[in-house]
Amino acid sequence: MALLLAGATAVTLSGCASDDTTAQDSSVTAPPASAPSQGVVDRAEADKILTHYQEVNNKANKTRDPSVLATVEAGQLYARSKADYEQFSTRSAKGKKRLSEPFYYTKRSFYIPPKGNWFAAQAFTTGKNRTFMIFEKSADTDGSWKKVASLFPQKALPEPATQDGLAATADVDTPVGQMAPAGVTDAVEDLFASGGMKDGKELSQSNKNAKSILATHKERGDSLGPRATVNFFPITPLHQKTYTLTTRSGVLVIAPLAHKQESLVKTSGLQITPGKSEAVYNKTPRSVVVDSFQGETVVHLPLRGKPEILDYEYAMVDSR
């Protein structure tokens with residue numbers, strides 16, 4: 001008879017409890033009256049895109065219909081939201097209620113580059129939850145405007161610089177201080193994989209978000225005990241684009257994240273019992289459980305000093 005290691009193997013990742021699909025408010029703030037003469041979109045259109053997203057997301061959440069949500073979300077953000085629907089039965093009563101409640105964006109602001117296929121938006125939900133978003137229109141979004149990143153920094157982000165009402169961007173391969181924007185994904189994932197011994201060395205490891213990831217790495221095997229190993233390995237994000245916005249003190253980078261969590265028994269004959277969320281995808285006890293996570297992060301690259309993780313969001317989107 002096989003011995004079973006009880007309990008979920010999925011590690012709870014701090015920072016991904018908040019989601020803009022769980023907040024509500026009763027009012028919408030009108031966009032600023034002034035609009036740039038040129039740009040990827042004007043402010044009025046950006047505001048309309050955000051309102052359309054809000055309406056469709058609320059409709060999708062009401063019936064948990066991923067096909068409806070797919071018309072306004074793409075990439076790892078859509079994968080995270082779809083996973084919320086798939087794992088709905090495992091949520092607490094409070095969690096189920098929050099997902100079903102409508103939300104509204106207030107205090108909207110937009111950061112629109114002069115060229116390209118994306119823009120950034122910042123807003124509040126329930127009057128206090130700050131959310132920072134990226135919308136993109138490309139072949140990866142089926143040629144329509146869809147939200148591809150959604151983050152919830154606990155404090156105000158460094159203000160993006162603008163010129164004539166348009167946001168300034170930075171080249172992803174050009175270093176800003178100690179790191180190029182293109183290196184952010186690998187650096188953050190290294191905190192999970194090695195505890196920041198490789199690419200993650202370049203990041204500040206003293207703030208709350210970095211400490212939370214390092215704690216996840218350190219405690220990764222605690223739930224299963226000494227009879228199994230748990231490790232993280234970077235995988236390819238569903239949407240690999242990195243976005244940049246310059247600030248007075250550096251560059252804001254919105255980057256994709258993705259890794260797998262591999263739980264493996266050390267002794268032949270033992271098996272791991274999947275947790276509730278894992279069982280949605282595969283409930284069979286087995287010697288190896290591989291959970292896939294997709295997410296996003298926003299990191300500030302300062303001209304001086306170490307880059308700082310301002311927020312990161314993850315969700316388990318599959319388990320095999």
Side-chain angles (χ1 to χ4, degrees), residues 20 28-57 69-78 81 105-125 130-153 156-174 176 180-182 184-185 237-248 250-256 296-301 310-311 313:
D20 56 348
V28 175
T29 300
S34 61
S37 58
Q38 57 183 319
V40 175
V41 293
D42 61 29
R43 288 179 178 271
E45 185 178 359
D47 187 70
K48 185 181 296 185
I49 291 167
L50 183 57
T51 296
H52 176 67
Y53 171 81
Q54 172 187 283
E55 293 171 348
V56 174
N57 197 337
L69 192 61
T71 64
V72 292
E73 281 189 4
Q76 50 267 31
L77 174 61
Y78 173 67
S81 299
Y105 293 122
T106 65
K107 301 178 183 178
R108 304 175 178 193
S109 56
F110 300 95
Y111 305 99
I112 303 169
K115 60 182 180 179
N117 59 6
W118 65 274
F119 68 90
Q122 182 170 254
F124 286 80
T125 52
R130 179 183 291 103
T131 176
F132 192 81
M133 303 161 276
I134 299 292
F135 286 85
E136 181 178 318
K137 183 180 181 181
S138 68
D140 290 335
T141 65
D142 300 320
S144 60
W145 285 108
K146 296 183 180 181
K147 187 158 78 163
V148 294
S150 187
L151 293 145
F152 298 85
L157 299 175
E159 184 68 18
T162 59
Q163 183 174 2
D164 297 327
L166 299 177
T169 61
D171 180 72
V172 296
D173 295 316
T174 300
V176 181
V184 165
T185 296
L238 292 173
H239 187 52
Q240 300 178 47
K241 186 176 177 67
T242 295
Y243 310 86
T244 62
L245 291 167
T246 62
T247 70
R248 293 182 63 182
V251 172
L252 277 177
V253 180
I254 301 88
E296 308 101 56
T297 187
V298 56
V299 173
H300 188 239
L301 306 184
L310 303 180
D311 189 36
E313 300 289 331

(Q) To the closest 0.5 Å, what do you measure between CD (Gln38) and NZ (Lys115)? (A) 11.0 Å
**Q.** Pairwise side-chain contact, Leu252 with Leu310, heavy-atom cut-off 4.5 Å (strictly under)
**A.** yes
(Q) Once rounded to the nearest 0.5 Å, what's the spacing between atom CG of Leu151 and atom CE of Met133? (A) 10.0 Å
Q) So, do Phe119 and Glu45 sit near enough that their side-chain heavy atoms are less than 4.5 Å apart? A) no
Q.
Using a 3.5 Å distance criterion without hydrogens, assess whether the side chain of Ser81 forms a donor-acceptor pair with backbone atoms of Tyr78.
A. no
Q. Can you check whether Gln122 reaches Leu157 side chain to side chain, under 4.5 Å on heavy atoms?
A. yes
Q) Between OH of Tyr105 and CG of Asp47, what distance do you get to the nearest 0.5 Å? A) 12.5 Å
**Q.** Taking every non-hydrogen atom, the tightest pair across Asp173 and Ala182
**A.** OD1-CB, 3.6 Å
Q: Check the pair Phe110 / Val41 against side-chain contact (heavy atoms from CB on, under 4.5 Å), numbers first and verdict last.
A: CA-CA 10 Å; Phe110 300 95; Val41 293; over 6 Å; no
Q) Considering all heavy atoms of both residues, which atom of Leu77 and which atom of Ala149 are nearest to each other, and what is their separation? A) CD2-N, 3.9 Å
Q. How long is the gap from CD1 on Ile112 to CH2 on Trp118, to the nearest 0.5 Å?
A. 10.5 Å
Q: Would you confirm whether Thr246, through its side chain, and Ala168, through its main-chain N or O, come within 3.5 Å as a donor-acceptor pair?
A: yes
Q: Calculate, to the nearest 0.5 Å, the distance between atoms CD and OG1 belonging to Glu296 and Thr242 respectively.
A: 11.5 Å
Q.
Assess the residue pair Leu50 and Phe135 against the criterion (side-chain contact (heavy atoms from CB on, under 4.5 Å)); give the C-alpha distance rounded to whole Å, side-chain angles, the decisive distance to 0.1 Å, and a yes or no.
A. CA-CA 9 Å; Leu50 183 57; Phe135 286 85; 3.7 Å; yes
Q: Starting at NZ of Lys241, measure out to CD1 of Ile254 and round the result to the nearest 0.5 Å.
A: 11.0 Å
Q.
Would the distance check show the side chain of Asp311 and the main-chain N or O of Phe152 forming a donor-acceptor pair, the cut-off being under 3.5 Å?
A. yes
Q.
Looking at Gly165, is its backbone amide N or carbonyl O close enough to the side chain of Thr162 to form a donor-acceptor pair, meaning the two atoms are under 3.5 Å apart?
A. no
Q. For Tyr243, which residues count as a side-chain hydrogen bond (donor to acceptor under 3.5 Å, both in side chains) partner, sequence neighbours excluded?
A. Glu136, His239
Q | Side chain proximity check, Glu55 to Thr51, heavy atoms < 4.5 angstrom | A | yes
Q. By side-chain contact (heavy atoms from CB on, under 4.5 Å), which residues pair with Pro237, not counting sequence neighbours?
A. Gln76, Gln240, Pro256, Ala258, Gln294
(Q) Would you say that Asn57 contacts Leu69 through its side chain, given a criterion of any heavy-atom pair below 4.5 Å between the two side chains? (A) yes
**Q.** Minimum-distance pair of heavy atoms, taken over all atoms of Ser150 and Glu313
**A.** O-CG, 3.7 Å
Q. Below 4.5 Å, heavy atoms only, C-beta onward: do Ile49 and His52 meet side chain to side chain?
A. no
(Q) Is there a side-chain contact between Val184 and Leu301 in this structure, where contact means two heavy atoms from C-beta onward sitting under 4.5 Å apart? (A) yes
Q. Is there a donor-acceptor pair closer than 3.5 Å between any side-chain N or O of Asp42 and the backbone N or O of Ala44?
A. yes
Q: Compare every heavy atom of Ala74 with every heavy atom of Asp140, then report the nearest pair and how far apart it is.
A: O-CB, 4.1 Å
Q. So, do Phe124 and Thr131 sit near enough that their side-chain heavy atoms are less than 4.5 Å apart?
A. no
